[in-house]
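Shown next, in structure tokens, is the structure this report addresses.
Note: hydrogens, waters and symmetry copies are ignored here, and every other heavy atom, side chains too, is used. Every chain is numbered from 1 and lettered A, B, ... according to where its sequence line falls, protein lines coming before strand lines.
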There are 2 protein chains.
Amino acid sequence: MVKRTSFEGDACPIARSLEAIGDWWSLLIIREALFGLRRFGEFQSKLGMAKNILAARLRALVDHGILETAPASDGSAYSEYLLTPKGRGTFPILVALRQWSEAFDDHPEEIATILVDREKGRPVRKLELRAEDGRLLAPDDTALKPRRSSKMVGRSRSG
Amino acid sequence: MVKRTSFEGDACPIARSLEAIGDWWSLLIIREALFGLRRFGEFQSKLGMAKNILAARLRALVDHGILETAPASDGSAYSEYLLTPKGRGTFPILVALRQWSEAFDDHPEEIATILVDREKGRPVRKLELRAEDGRLLAPDDTALKPRRSSKMVGRSRSG
DNA sequence: CTCCAGTGGTTTCATAATGAAACTAAGTTG
DNA sequence: CAACTTAGTTTCATTATGAAACCACTGGAG
């Protein structure tokens, strides 16, 4: 086989997400959808991508249950693309990507926008991973455990 | 031009991250590196990917400052690939992807592992976006503000 | 109802990326 | 130094991407 690798059915949850949203455009489409865009033409002109690619991506996102089509809210016969709860659930992923750029990009001054708390207009906090008891967790403070057994699979060195 | 789209220099921080890690393999390589893998052969056999693709990705990740090469720690003349702080900074992105799968995947029973707090062996908390004052923020509770102005760019409807 | 611009695509074709396999060149082992 | 391992590169077939042309349906003007 020479087909492009698929991660469908892979046991790794990260691979499974990438299967759905791990391409160049999907997350940007979702970002625009979170921002309020709904119509094919809006996505196309805002993202500046080829229409065939956009059509393919929208179809895939609908197939994955991330977007759904609905009759246009303006009363016209066209339809629009709305985020499902699953689609809206990608928000932390987008925030994590944004904050990674803000923290590590070589030219952060080129970043045009800041994500703020709508009510106060103040920048949001950085995402933090915490234990059940609230302790802040770095990568090395975590481990991967098989789902239904108690045998630990250790995370090794990787300082 | 028919070249593949590049997001380099794009003002959107999400596009900028995708430029570096937005392809099928990069995040999986980083995940394995976080788990402790260092050597070309380790990545290749663990991920099962073509060697030419792996070589290209590793080179790109090094170019982006996510990995760095170092003399092998086992004393041999080979070198190994280590995460930089920028590389380790992707941890929240990986956690967000994982948690999204856990929450929304159609077949969560196929997910093999749980991310736990190493010390207690208990599952970690879900990532949460919070305001400066600690309020939990949903997508609609946020807005995007231009970097150096105070003019607000509203997030509109979008459920 | 007819014409015509706008919307939302599909088709076509050239180029780029991916992947499998063969090949290569050091490093390492006996 | 012969054989094997490691870490790639090269080659070639297939797939994905992207630009542009094309097309069907919508919605409004007259």
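- Using a 4.0 Å cut-off, some side-chain N or O of B:W25 falls inside it from OP1 or OP2 of C:dG19.
- Here B:R59 reaches the OP1 or OP2 of D:dT9: one of its side-chain N or O atoms lies under 4.0 Å away.
- Counting all heavy atoms, side chain and backbone alike, A:L28 lies closest to B:I14 at CD2-CG2, 4.0 Å.
- Nearest nucleotide to the A:A50 side chain, out of D:dG8, C:dA20, D:dA19: D:dA19.
- For the pair B:M49 CE and C:dA17 P, the computed distance is 15 Å after rounding to whole Å.
- Taking atom NZ on A:K46 and atom P on C:dG8, their separation rounds to 17 Å, with Å as the unit.
- For the pair B:K51 NZ and C:dA21 P, the computed distance is 12 Å after rounding to whole Å.
- In this structure, B:R122 places its CZ atom where only 12 or fewer heavy-atom neighbours from other residues, nucleotides or ligands lie under 6.0 Å away.
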Might you list the N or O atoms of the protein lying below 3.5 Å from N or O atoms in nucleotides 28-30 of chain C, with each pair's distance?
{"from": "C:dT28", "atom 1": "OP1", "to": "B:A77", "atom 2": "N", "distance (Å)": "2.6"}

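- The existence of a salt bridge linking B:E110 and A:R16 is confirmed by a sub-4.0 Å separation between a basic side-chain nitrogen and an acidic carboxylate oxygen.
- Out of D:dG8, C:dA17, D:dA19, the shortest distance to the side chain of B:R57 is found at C:dA17.
- Residue-to-nucleotide proximity on DNA chain D shows that, of B:N52 and B:R39, the 5′-proximal contact is made by B:R39.
- When all heavy atoms of B:M49 and B:Q44 are compared, the pair lying nearest together is O-NE2, 2.9 Å.
- Here B:D63 pairs with nothing under the salt bridge (charged side-chain N to carboxylate O under 4.0 Å, His left out) rule; sequence neighbours left out.
- Distances shorter than 4.0 Å separate some side-chain N or O of B:Y81 from OP1 or OP2 on D:dG8.
- D:dA7 atom P lies 14 Å from atom CG of B:L47, rounded to whole Å.
- At whole-Å resolution of the value, CD in A:Q44 and P in D:dA20 are 12 Å apart.
- A cation-pi arrangement is not found for B:K51 relative to B:F40, the charged atom failing to lie both closer than 6.0 Å to the ring centre and inside a 45° cone about the ring normal.
- For the pair B:I53 CD1 and C:dA22 P, the computed distance is 17 Å after rounding to whole Å.
- In this pair, A:F43 and A:Y81 present their aromatic rings perpendicular. The plane angle is above 60°, beyond the 30 to 60° band.
- Look at CD on B:E80: it is 10 Å from P on D:dA7, rounded to the nearest Å.
- If you take CG of B:D23 and P of C:dT18, they are 7 Å apart, rounded to a whole angstrom.
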